[in-house]
Protein chains: 2
Amino acid sequence: MEPKQVVAALGALAHEHRLAAYKLLVEAGPEGLPAGAIAERLGTPSSTLTFHLQQLLHAGLATQRRVSRQIIYAMVPAAMNGLVGYLTENCCGGEAICAPACDPVAATVHSCKTTAA
Amino acid sequence: MEPKQVVAALGALAHEHRLAAYKLLVEAGPEGLPAGAIAERLGTPSSTLTFHLQQLLHAGLATQRRVSRQIIYAMVPAAMNGLVGYLTENCCGGEAICAPACDPVAATVHSCKTTAA
DNA sequence: GAGCCATTTCCACATTCATCGAAATGTCAT
DNA sequence: ATGACATTTCGATGAATGTGGAAATGGCTC
């Protein structure tokens, strides 16, 4: 992932409403959520929400698809992976000791619940 | 990690120079780097760099310590863990299948090189 | 094709952010 | 104490971002 994309993605997430919206999408998974449902849960006017969703789209963090009258937004898994990967790669110079974030002890609530548990 | 902190951290990273500076700190590990070294590598005027480093500090992503005439900045591992953890938690509703970012296949360049390789 | 519904576009406004030179601060060596 | 060095603070400027109402668009149902 290129630095410019990373900056765009981080910038897109760096806002209260957008982060909240994104989190809803993450929790919703591949099925996504219609714009209206997001607006309702966040309590923002629709025009404002559209503005924020566009940012997520433009940053490549989400996709849009139409289902009859509704427009459904969903997260883009690869983008999240790219983001997390970029932030953590070469941590501490790429040492093997290097935990998710250079501190095995503090690394409790981390994403790597892939295999076990 | 509280949403407000996450937004602050993301906002701090959502800038070309700050992301670059932060990456230097991540790669440098716990020892950190003096402000001057960062400024030199990024090619920004010192006053501008200070501005950006303050943002990282204020967001809790970095720490500052003085060593004689230099001021040394270092990353805060727990902050990175918190950030990554927040973004990925409850992915796809907390399913066990849920890889780092809901897509095991795409999750190649991820942080979990902890143990092996 | 009339009317309703979900969502987006347009617009104008206030706010916040980024930049960098010049001057100030803190620290060390002599 | 003086001078040199590393870094920060100040201040002014231009640019980008967030907001929400009103109007426009695309799509379904009757």
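Residue numbers start from 1 in every chain, and the chains themselves are labelled A, B, ... in the order their sequence lines are given, proteins ahead of strands.
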Problem set entry | Close side-chain approach of L25(A) to L61(A), heavy-atom, < 4.5 Å | no
Exercise. Can you name the side chain to side chain donor-acceptor pair (under 3.5 Å) partners of Y73(B), sequence neighbours left out?
Worked result: Q64(B)
Exercise. Which residues within residues 2-24 of chain B lie with some heavy atom under 4.0 Å of an atom in DNA chain D?
Worked result: none
Problem set entry | side chain to side chain contact (heavy atoms under 4.5 Å, CB included) partners for T63(A), two or more places apart | A74(A), V76(A)
Exercise. Which residue pairs pass the salt bridge (charged side-chain N to carboxylate O under 4.0 Å, His left out) test when at least one of the two sits in residues 25-51 of chain A, sequence neighbours left out?
Worked result: K23(A)-E27(A)
Protein-nucleotides 7-11 of chain D N/O pairs closer than 3.5 Å?
residue	atom	partner	partner atom	Å
dT7(D)	OP1	A35(B)	N	3.3
dT7(D)	OP1	G36(B)	N	3.2
dT7(D)	OP2	G36(B)	N	2.7
dT8(D)	OP1	Q64(B)	NE2	3.2
dT8(D)	OP1	Y73(B)	OH	2.3
dT8(D)	OP2	T50(B)	OG1	2.7

Seminar exercise, completed: Under a side-chain separation threshold of 4.5 Å, the hydrophobic residues clustered together with F51(B) are none
Problem set entry | Terminal axes of the helix from dG1(C)-dC30(D) to dT30(C)-dA1(D) (five pairs each): angle between them, nearest 10 degrees | 30°
For this session: Show which residues join V67(A) in its hydrophobic cluster (side-chain heavy-atom contacts under 4.5 Å, direct or indirect), or state none.
Result: I72(A)
Problem set entry | All pairs passing ring-ring contact (aromatic ring centres under 6.0 Å, His included) where residues 52-72 of chain A contributes a residue, at least two apart | H15(A)-H52(A), H17(A)-H52(A)
Exercise. How about L42(A) and L49(A): do any of their side-chain heavy atoms sit closer than 4.5 Å?
Worked result: yes
Exercise. Is L87(A) close to V26(B) at the side-chain level, that is, under 4.5 Å between some pair of heavy atoms?
Worked result: no
For this session: Would you please name every residue forming a side chain to side chain contact (heavy atoms under 4.5 Å, CB included) with V7(B), sequence neighbours left out?
Result: L19(A)
Seminar exercise, completed: Bounded by its outermost nucleotides with an atom under 4.0 Å from a heavy atom of chain B, the footprint on DNA chain C reads dA18(C) to dC28(C)
Exercise. Which residue pairs pass the ring-ring contact (aromatic ring centres under 6.0 Å, His included) test with at least one member in residues 23-43 of chain A, sequence neighbours excluded?
Worked result: none
Exercise. Would you call L13(A) and L56(A) a side-chain contact if the rule is heavy atoms closer than 4.5 Å?
Worked result: yes
For this session: Give Q55(A) one of three labels, base, sugar-phosphate or nothing, depending on what nucleic acid heavy atoms sit under 4.0 Å from its own.
Result: sugar-phosphate
